[in-house]
Amino acid sequence: MKKFLQNKKLLTTFIIIIIVLAVLGISVNLRRKRNTPLLIQSFGNDIVAVGARVVDVPVSLVSNGLNSAHSILNTQEENNHLKDQVTDLGQTKSRNASLEAENKQLKSALKLKSTLTSYSMVNASVISRSPDSWSDLLVINKGSTAGIRKNMAVMCGGGVIGRVVEVNAASSKIELITTTDKSANRFSVQAKAANGKNVHGIITVISGNNLAFTQVVDSNKLKQGTKVYTSGMGGNSPKGLLIGTVSSTTHDTFGLSDLIKINPAGEVNDPSVVTVIQRKVTG
Amino acid sequence: MRILREWILAIALLVALILDGSISLYLHQFMVYGSYNSACLLVPIGIMLIALFDDTNEKEIWLALGTGIVADIYFLGIIGIYSVFLPLICWACQKVARFLPEVFWARLLVVLLGVIILSIYSWLILSMVGMISISDHLMLISLIPTVIWSLIFTVLTYWVWGTLARDYPFMINLDAYR
């Protein structure tokens with residue numbers, strides 16, 4: 001022990017390792033528990049985010065040019081597909097408008113102000129993505145000043161892609177739904193089974209960044225193609241946000257419970273503009 | 001203007017840090033191969049090349065520490081990945097540079113080795129704190145695209161970092177030597 005204490009290099013290395021582990025532990029703890037990061041951290045993030053917006057302009061121009069060239073090659077095929085969709089769209093829109101009006105009238109008749117399906121939206125642009133291979137984190141250009149709060153659901157391309165994990169004044173971090181973070185909040189979801197009953201569970205990530213519908217409380221099997229929506233039961237996201245569709249139903253590795261694989265509906269791989277969903281009913 | 005010359009390297013690293021995030025976002029579809037992701041490591045490559053080009057300036061270790069803290073806070077929200085790896089690799093590269101031939105191929109090998117160590121270190125720490133749960137098999141295969149992309153980035157930025165490290169050393173007034 002005396003030799004160890006007299007060896008300055010060894011002692012310094014030991015102290016540095018302790019400090020690094022302490023800082024790591026404290027920062028992980030702060031990230032999980034605090035609703036907003038420390039002021040200095042928030043300020044630093046916003047400064048870099050401003051720089052990212054400036055750098056993004058030329059980078060996005062080049063990237064959009066490449067994507068446009070790629071899109072032109074698929075134009076004819078896409079056009080045919082969209083023509084089919086447009087014929088249905090008019091009918092769906094008018095039906096949606098009449099149902100919305102009816103819903104409003106019924107809510108006012110029942111004196112209901114907000115329900116689990118009520119939410120407001122904030123649109124934001126993605127300015128950065130974590131450069132390492134492992135974590136699925138995005139940075140967007142809107143923060144607490146735009147009304148964004150921690151744990152809000154985030155959508156892109158028609159489906160949920162993740163949730164907000166850190167909110168600064170003018171930027172926020174989003175953790176994708178495909179994250180393998182063990183401490184991440186999971187979406188509570190529901191789907192309509194073949195017999196008409198609602199099946200509840202949560203979304204988890206299985207091997208290969210695939211999504212699965214687990215902790216299913218009902219043994220009714222879900223058919224391939226069944227749509228899975230948020231149930232609004234988790235307290236953070238509203239009811240009725242599309243998560244994805246059932247791709248297959250198998251048994252887990254122990255053969256004891258069903259493993260329902262899900263194809264995500266949202267644009268997880270290439271999100272550029274996202275919508276943050278603010279639930280109106282709190283808690 | 002003299003102060004600006006002394007801080008140009010720090011500004012270049014900040015731009016590289018922002019580019020890391022932008023490239024990861026816009027080129028993501030080209031950096032993902034099934035379940036295997038490639039990392040975009042412009043900043044670590046920059047720090048390693050700066051240390052290999054200029055092995056006498058000890059202030060670069062502090063620059064690496066500062067860059068590491070900003071990168072950790074901005075990208076991950078936790079401190080302990082880049083803020084530990086960057087100063088350590090900067091110090092190690094400065095030591096290695098004294099024995100290494102001053103040629104591109106030798107420096108490229110050191111940079112690629114550093115990239116592999118960073119990938120394994122970040123996987124280890126992020127797994128330890130529970131932020132990721134990725135198998136060692138997936139991690140090892142992901143090293144291949146990461147090394148290939150790092151090779152491309154090193155070739156593209158080698159001259160830039162070399163010029164900056166030689167002509168604009170961090171916090172050193174070159175006029176004092178003229």
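Lettering of chains follows the sequences in order, A, B, ..., and the numbering in each one begins at 1.
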Looking at L137(A), D132(A), N45(A), which one has more heavy-atom pairs under 4.5 Å with chain B than the rest? N45(A)
Using a 4.5 angstrom heavy-atom cutoff, name the option from D181(A), D270(A), N29(A) with the most pairs to chain B. D181(A)
Please state whether the side chain, the backbone, both or neither of S22(B) comes within less than 4.5 Å of a heavy atom of chain A. both
For chain B, find which of P37(A), G44(A), G51(A) contributes the most heavy-atom pairs closer than 4.5 angstrom. G51(A)
Part of Q41(A) lying under 4.5 Å from any heavy atom of chain B: both
Output the option from P131(A), S171(A), S27(A) having the highest count of non-hydrogen pairs under 4.5 Å with chain B. P131(A)
Any side-chain donor-acceptor pair under 3.5 Å between D136(A) and T178(A)? yes
Ring centres of Y158(B) and F53(B) under 6.0 Å apart? yes
Counting only non-hydrogen atoms closer than 4.5 Å, does V48(A) touch chain B with its backbone (N, CA, C, O), its side chain (CB onward), both, or neither? both
For M48(B) and V115(B): C-alpha separation, side-chain torsions, deciding distance, then whether side-chain contact (heavy atoms from CB on, under 4.5 Å) applies. CA-CA 9 Å; M48(B) 283 187 269; V115(B) 163; 4.1 Å; yes
Under 4.5 Å from any heavy atom of chain B - which part of L30(A): neither
Can we call the ring centroids of Y168(B) and W7(B) under 6.0 Å apart? no
Report yes if the side chains of I89(B) and I47(B) come closer than 4.5 Å at any heavy-atom pair, otherwise no. yes
Taking the side chain as C-beta and beyond, is there a heavy-atom pair between L211(A) and K261(A) under 4.5 Å? no
